[in-house]
Structure formats: C-alpha cells, structure tokens
Amino acid sequence: MAEAAKKLLQYIGEDPERDGLVRTPDRYAEALLFFTKGYSEDIHEVVNDAIFEVDHQNLVLVKNIEIFSMCEHHMVPFMGKIHIGYIPNNRVLGLSKLARITEIFARRLQVQERLTQQVANAINQVLQPKGVAVVVECVHMCMVMRGTQKTGAMTTTCSRIGLLQDDQETREEFYTLLNVRQ
Ligand SMILES: [Zn+2]
C-alpha cells in the first residue's frame with residue numbers, strides 16, 4: 001500500500017523523497033486501513049452479549065451519533081450524524097453498541113444510501129425488533145471540495161423496517177422526536 005501511495009505522490013507531481021513526505025506513504029496506508037477497518041469486523045462479535053431482555057416495547061431513539069465514512073466513487077470522506085430508532089420486542093441492545101454497529105459499516109468504502117440500509121438491516125437482524133428506522137445526514141467531501149463546491153449541501157437518507165415503516169403513528173413519533181421533517 002505504501003508503495004502505491006508513493007506512486008500517487010509522484011503522479012501528482014510531488015517528490016516523495018522530500019523531507020515532509022518521506023513517511024507519508026506509510027502514514028497514508030495506516031490511515032486508509034483505519035478508515036476501512038469495518039471490513040474485518042463482525043456484527044456478532046461486536047454485539048456479543050449486549051442484548052438484554054427488558055419488558056419494553058416503546059421507541060428507543062439514539063440521536064446524533066457521529067459518523068465518518070469514505071465515498072466509494074472518489075475515496076474521499078463523507079461525514080455527519082446518524083440517528084437510530086427501534087421498537088423493541090422485549091429485547092434491547094446496549095446503547096453504545098448502536099455506535100459500534102454503525103462503525104462496522106461506515107468504516108468501508110460506501111455510498112450513503114447503502115450504509116443507511118445496512119445499519120438498519122443489521123439492527124433488525126441481531127435484535128429482531130418490531131421496527132427500525134435509521135436516518136443519516138452527511139456532508140460529502142467529493143461535493144464540497146471539487147466541482148460544484150456546494151459547501152452547505154447536506155445529504156439525508158432514511159431506511160425504515162417493520163412498524164416504523166408500516167404504522168403511521170409510530171413513524172410520526174419517530175420523526176417528531178427526531179425533529180426533522182419527513
Ligand atoms: Zn464521491
């Protein structure tokens with residue numbers, strides 16, 4: 001990977017041997033491996049034994065989990081917030097695990113639409129809740145830094161499963177608590 005990064009430096013007209021760049025290929029490789037560490041993570045290992053039986057069937061909503069991912073079309077970052085809601089079926093997940101599950105899918109080359117769907121599907125799979133809704137709001141560096149340079153443009157994607165898709169009242173409760181328009 002470092003060799004490839006060194007080539008890239010040459011292709012953009014840089015001198016990979018100059019002082020500031022000597023260790024850059026190594027650092028770049030290390031950073032890229034971190035940004036894509038989700039490939040080597042497994043949902044079941046992450047969730048482990050953090051599922052708890054609880055007599056609770058009302059909406060659980062965790063808002064504003066920070067998210068950092070990489071656009072698969074340009075290999076540059078996109079970042080923002082993810083909001084996750086679910087209706088438990090007497091089983092809840094340790095709250096920190098929602099962020100950990102998000103990381104598995106965010107730390108890969110992604111498109112925001114698929115990331116949103118994968119997080120919703122994963123929670124649905126491990127928890128078998130009555131419903132799941134995931135909203136992702138991100139700014140994409142490939143939009144901000146090149147071409148159109150729409151610095152304020154935020155992309156919102158949403159994925160809903162079960163009651164949070166089919167039942168209007170439940171869906172409205174989710175969006176009211178989320179305080180975003182549907
Ligand atoms: Zn892109």
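Indexing begins at 1, ligand by ligand and atom by atom, following the structure's order. Just so we're clear, the structure is a prediction, and the values are computed from it rather than from any experiment.
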Open item on the list: Restricting to N, O or S atoms, which atom of H74 is closest to the Zn ion (ligand 1)?
Closed with: ND1
TODO: With rounding to the nearest 0.5 Å, note down the distance linking CZ in F105 to CG in N121.
DONE: 8.5 Å
Task: Residues E53 and N90: side-chain donor-acceptor under 3.5 angstrom - done: no
Task: S69 side chain to Q110 side chain, donor-acceptor N/O pair below 3.5 angstrom - done: no
Open item on the list: I'd like to know: is the Zn ion (ligand 1) within the 2.8 Å range of an N/O/S atom from H73, strictly under that distance?
Closed with: no
Open item on the list: Any N/O/S atom, side chain or main chain, of C142 closer to the Zn ion (ligand 1) than 2.8 Å?
Closed with: yes
Task: same_hphob_cluster(L164, L93) at 4.5 Å side-chain heavy-atom cutoff - done: no
